[in-house]
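FYI, the numbering just counts along the sequence from 1. These numbers come from the heavy atoms of this one structure, side chains and all, not from hydrogens, waters or symmetry mates.
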Amino acid sequence: MAGFQQKFFVYILKKEANAKENLYLLTAFTSSLYIAGLPASLVASWLTANFGRKFTIMLGGCTFLLGGAINGGAENIAMLILGRVFMGFGLGFTNQAAPVYPSEVAPPRWRGVFTTGFEIFINVGILFANCINYGMAKLTWGWRLSLGLAFIPALIMTLGAVVISDTPSSLANRGMLDQAKKALIKAGGDADVEVELAELVKAGQAARAISTEPFITIFAKHNRPYLIMAILIPSFQQLTGINAIVSFAPALFESVGFGSTSALIAAIILGLFILGSNLLSTHGAFLFFAAWIAIMTIFVALFLPETK
């Protein structure tokens, strides 16, 4: 956005000598979200286990609210980065707890749908954000709305977390059996509640009875194939560079000759492709990877000109 660059990264906009320094600051602004999200996700694992899924989602929503408010009212780069750091904390907390919650309360036959829906709606959000950026591009204050609107989904998530109960599994593991029973009734009715509760208690006891440190257990010989796949699959996904492309899409397209408006339109097209690949993934991993390779090939061949 020209208004955003005019206020914070004017040298990049004018392509002057100090543009390189501004580019580093732009990179710091974008990357601070993920840098903050990494330690937050590690802490969130402990919080989710000891204080519950609901608490962690609420905490993530509150930090996201704070980050969105700071970004929307930012007057300097320090405020921008601070807001992104708080949003990164929110991202780390919610990414840990939000997928776990539906997987524990959804009926078995719908569990995969709810879990996959988390990733799909992330990409719906990215697409909406790109559309908002395009709509606000011609307004000098439009960047404030683009950044500050993160406040709205964060508010919905926080208020939603207030009214829901924690998962029966989390409550049972923390010894809150009466509340776990109520949560089971609320989630699935009165049928076989005692049996389900007994199974949850038994599973929790079995988990606590394991004396071996989890980080030692995971490296055991019989677990190594799963460990290797768990590392390689997300690693290759990240090494495609898709996160960098999504984060810097408008700037990337401008750098290869697109105008400001055209760059935002190209970012919307990219968002549509990503969302489409996620929808295809619901029909199997093979189709997902095949479609993604085809999409990246077509995109590079047709939409990405050589750099100047």
Side-chain angles (χ1 to χ4, degrees), residues 23-72 74 77-104 115-126 129 147 150-151 153-154 157-158 161 170 213-219 223 226-249 251-252 270-271 274 278 292:
L23 188 60
Y24 289 147
L25 289 173
L26 177 60
T27 304
F29 163 67
T30 304
S31 302
S32 57
L33 178 81
Y34 305 103
I35 294 171
L38 177 60
S41 64
L42 298 175
V43 173
S45 178
W46 180 83
L47 288 173
T48 303
N50 290 278
F51 294 93
R53 290 63 166 137
K54 174 179 177 175
F55 172 82
T56 309
I57 293 172
M58 288 177 61
L59 182 60
C62 289
T63 52
F64 226 108
L65 279 170
L66 182 58
I70 293 173
N71 273 173
I77 292 175
M79 287 185 69
L80 280 179
I81 294 177
L82 179 63
R84 290 284 284 187
V85 167
F86 277 113
M87 293 180 77
F89 289 153
L91 183 69
F93 293 142
T94 53
N95 264 0
Q96 180 68 238
V100 175
Y101 191 97
S103 70
E104 290 185 344
T115 305
T116 306
F118 175 76
E119 182 68 25
I120 289 174
F121 280 107
I122 286 176
N123 289 292
V124 169
I126 292 172
L147 294 175
F151 187 94
M157 181 174 63
T158 305
S170 175
E213 169 63 38
F215 285 102
I216 296 176
T217 304
I218 200 171
F219 286 102
N223 287 328
Y226 310 107
L227 177 64
I228 290 170
M229 294 306 295
I231 293 172
L232 289 182
I233 290 175
S235 295
F236 281 121
Q237 191 242 355
Q238 294 301 313
L239 288 171
T240 62
I242 185 57
N243 279 356
I245 292 173
V246 170
S247 298
F248 295 99
L252 175 65
L270 176 63
I274 294 172
N278 270 269
W292 185 242

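- Within 6.0 Å of OH in Y34 there are more than 12 heavy atoms belonging to other residues, nucleotides or ligands.
- Counting only residues at least two apart or on different chains, the salt bridge (Lys or Arg N to Asp or Glu O under 4.0 Å) pairs with a member in residues 30-56 are R53-E104.
- Among residues two or more places apart in sequence or in another chain, the salt bridge (Lys or Arg N to Asp or Glu O under 4.0 Å) test is passed with R84 by none.
- In this structure, the side chain to side chain contact (heavy atoms under 4.5 Å, CB included) partners of L82, at least two apart in sequence or on a different chain, are I70, F86.
- In this structure, the side chain to side chain contact (heavy atoms under 4.5 Å, CB included) partners of F236, at least two apart in sequence or on a different chain, are L232, L239.
- Shown here are the side chain to side chain contact (heavy atoms under 4.5 Å, CB included) partners of L65, two or more places apart in sequence or in another chain: F151, A154, L155, T158.
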Considering only distance and modelled atom types, tabulate donor-acceptor pairs under 3.5 Å from the side chains of residues 43-51, sequence neighbours left out.
| from | atom 1 | to | atom 2 | distance (Å) |
| --- | --- | --- | --- | --- |
| T48 | OG1 | A44 | O | 2.7 |
| T48 | OG1 | T56 | OG1 | 3.4 |
| N50 | ND2 | W46 | O | 2.8 |

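- Sorted by first then second residue, the salt bridge (Lys or Arg N to Asp or Glu O under 4.0 Å) pairs that include residues 25-38, not counting sequence neighbours, number zero.
- Separation of atoms CG (N71) and CG (L66) is listed at 10.0 Å; rounding is to 0.5 Å.
- Here salt bridge (Lys or Arg N to Asp or Glu O under 4.0 Å) pairs that include residues 35-49, with residues two or more places apart or in two chains, number zero.
- Listed by first and then second residue, the salt bridge (Lys or Arg N to Asp or Glu O under 4.0 Å) pairs that reach into residues 55-68 come to none, sequence neighbours excluded.
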Indicate every side-chain donor-acceptor pair of residues 90-99 with a distance under 3.5 Å to a residue at least two apart or in another chain.
| from | atom 1 | to | atom 2 | distance (Å) |
| --- | --- | --- | --- | --- |
| T94 | OG1 | G90 | O | 2.7 |
| T94 | OG1 | L91 | O | 3.4 |
| Q96 | NE2 | S41 | O | 3.4 |

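- Contact record, M87 with G68: CG-N, 3.9 Å, taken as the closest heavy-atom pair.
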